[in-house]
Number of protein chains: 2
Amino acid sequence: MNKMHKEHTLTKNQQIIFDLIDKSSEPLKAYSILYNVQKKGIKAPLQVYRALDKLVEIGKIHKIESRNAFIACHNSSCQVAKATAFSICEICEKVTEISSAGLSKYLANFKDKDGMKYSKYNLEFFGLCKKCR
Amino acid sequence: MNKMHKEHTLTKNQQIIFDLIDKSSEPLKAYSILYNVQKKGIKAPLQVYRALDKLVEIGKIHKIESRNAFIACHNSSCQVAKATAFSICEICEKVTEISSAGLSKYLANFKDKDGMKYSKYNLEFFGLCKKCR
DNA sequence: ATATTAATGTTATATTATTACACAGTGTTA
DNA sequence: TAACACTGTGTAATAATATAACATTAATAT
Ligand SMILES: [Zn+2]
Ligand SMILES: [Zn+2]
Ligand SMILES: [Zn+2]
Ligand SMILES: [Zn+2]
């Protein structure tokens, strides 16, 4: 198989699960994923969680921690820095990945009281989306 | 009664669980809390989760979403705005609440592409603490 | 080839959280 | 007073989320 540059070639299970998440309009939960890929031969939770772990690790998807759900990344810079930001509508649960150069720069340069810098972070904003206001 | 400055009188279960979290040096998980309060008559998970929900709601504790654990708030401004930030050591799992006027001001004023502002957010920074470096 | 690493398949189990229902206390209203 | 709404409690059962343990196979590197 042709392995181009730094591209991660997904395995069969990883590809099946990534495709499902990528084409979804909303974040998907692990057991919802499991249910939807059983016809493709993925039968057990662990198969799903292993693929999810790897996809998160390589930055193809992100976990929305407050919702225990997974969303595909459409922001190529995330694949380098594990620095993510999302907006979440508290009514319709719509989740959008925020890609703001200003925000990521601010957070990447943020130092706490001890002068500590953090390259990795996860930020979740909550509010009402346009529709729900 | 003045709503802005209303003191929440904790119920018995809430007080027992808050005291445990408050005196803990690390975030506590729900079932660890349950185990530790059984001698005080709290026998079921639901009793713990109900108290936790209320304590989160009134800002006495926060949930560390990436760890499914709860920590007492020592930053009085959180009780007004549900805007929280933490640093988490990826080795020893030490969690510290960040209270930075600059950070909270920046995030409270942050607008996404649609001009939307969010008063509520949760930010988790990851890295290595002083000891673990 | 062989050692090594990564991924898979399967079963069982652990951990985290909620539903459903009955009931008790408190304060307000009629 | 009685009726009501509201909040909290106690208990059992169950749902939802995630990992442990073990055997096996595929891909990669030396
Ligand atoms: Zn991303
Ligand atoms: Zn919405
Ligand atoms: Zn706080
Ligand atoms: Zn540490």
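Everything numeric here is computed off the predicted structure, so don't read it as measured data. Proteins come first, then strands; the chains are lettered A, B, ... in the order of their sequence lines, and each starts at number 1.
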Distance, rounded to the nearest Å, where Gln38(A) contributes CD and dG9(C) contributes C1' = 14 Å
request  = Please confirm whether Phe125(B) and Phe110(A) have ring centers closer than 6.0 angstrom.
outcome  = yes
key: SB check Glu93(A) Arg67(A) (cutoff 4.0 Å)   = yes
Gap between atoms NZ and C1', on Lys54(A) and dT8(C) respectively (whole Å) = 14 Å
note = In whole angstroms, the gap separating P of dT25(D) from NZ of Lys12(A) amounts to 15 Å
ask   = dA7(C) C1' sits how many Å from Gln14(A) CD, rounded?
value = 8 Å
message = If we count only N and O atoms by modelled type, under 3.5 Å, do the side chains of Ser66(B) and Glu65(A) hold a donor and an acceptor together?
response = no
query = OP1 or OP2 of dT7(D) sitting under 4.0 Å from any side-chain N/O of Thr11(B)?
reply = no
inquiry  = Under 3.5 Å, is there a donor on one side chain and an acceptor on the other for Asn122(B) and Thr84(B)?
reply    = yes
task = Give, for atom CD1 of Ile21(A) and atom CD1 of Ile16(A), the distance between the pair rounded to the nearest 0.5 Å.
result = 12.0 Å
inquiry  = Is it true that His74(B) and Glu97(B) share a donor-acceptor pair across their side chains at a distance under 3.5 Å?
reply    = no
query = Is there a donor-acceptor pair under 3.5 Å between the side chain of Asp22(A) and the backbone N or O of Phe18(A)?
reply = no
request  = Indicate yes or no for a side-chain donor-acceptor contact from Gln15(A) to the backbone of Lys12(A) under 3.5 Å, with no hydrogens or angles considered.
outcome  = no
Separation of atom CD in Gln15(A) from atom P in dA7(C), rounded to whole Å = 14 Å
message = Without decimals, in angstroms, what is the distance between Asp53(A) CG and dT19(D) P?
response = 7 Å
ask   = In whole angstroms, how far is the P atom of dA27(D) from the CG atom of Leu10(A)?
value = 15 Å
key: Sidechain-backbone polar pair: Lys111(A) side chain, Tyr118(A) backbone, donor-acceptor under 3.5 Å   = no
remark   = To the nearest angstrom, the CD1-P distance between Ile33(A) and dT17(D) comes to 11 Å
key: Between the first and last five pairs of the helix from dA1(C)-dT30(D) to dA30(C)-dT1(D), the angle of the axes, rounded to 10 degrees   = 30°
What N/O pairs connect the protein and nucleotides 10-16 of chain C at under 3.5 Å? Give each pair on its own line.
residue : atom : partner  : partner atom : Å
dT16(C) : OP1  : Lys29(B) : NZ           : 2.3

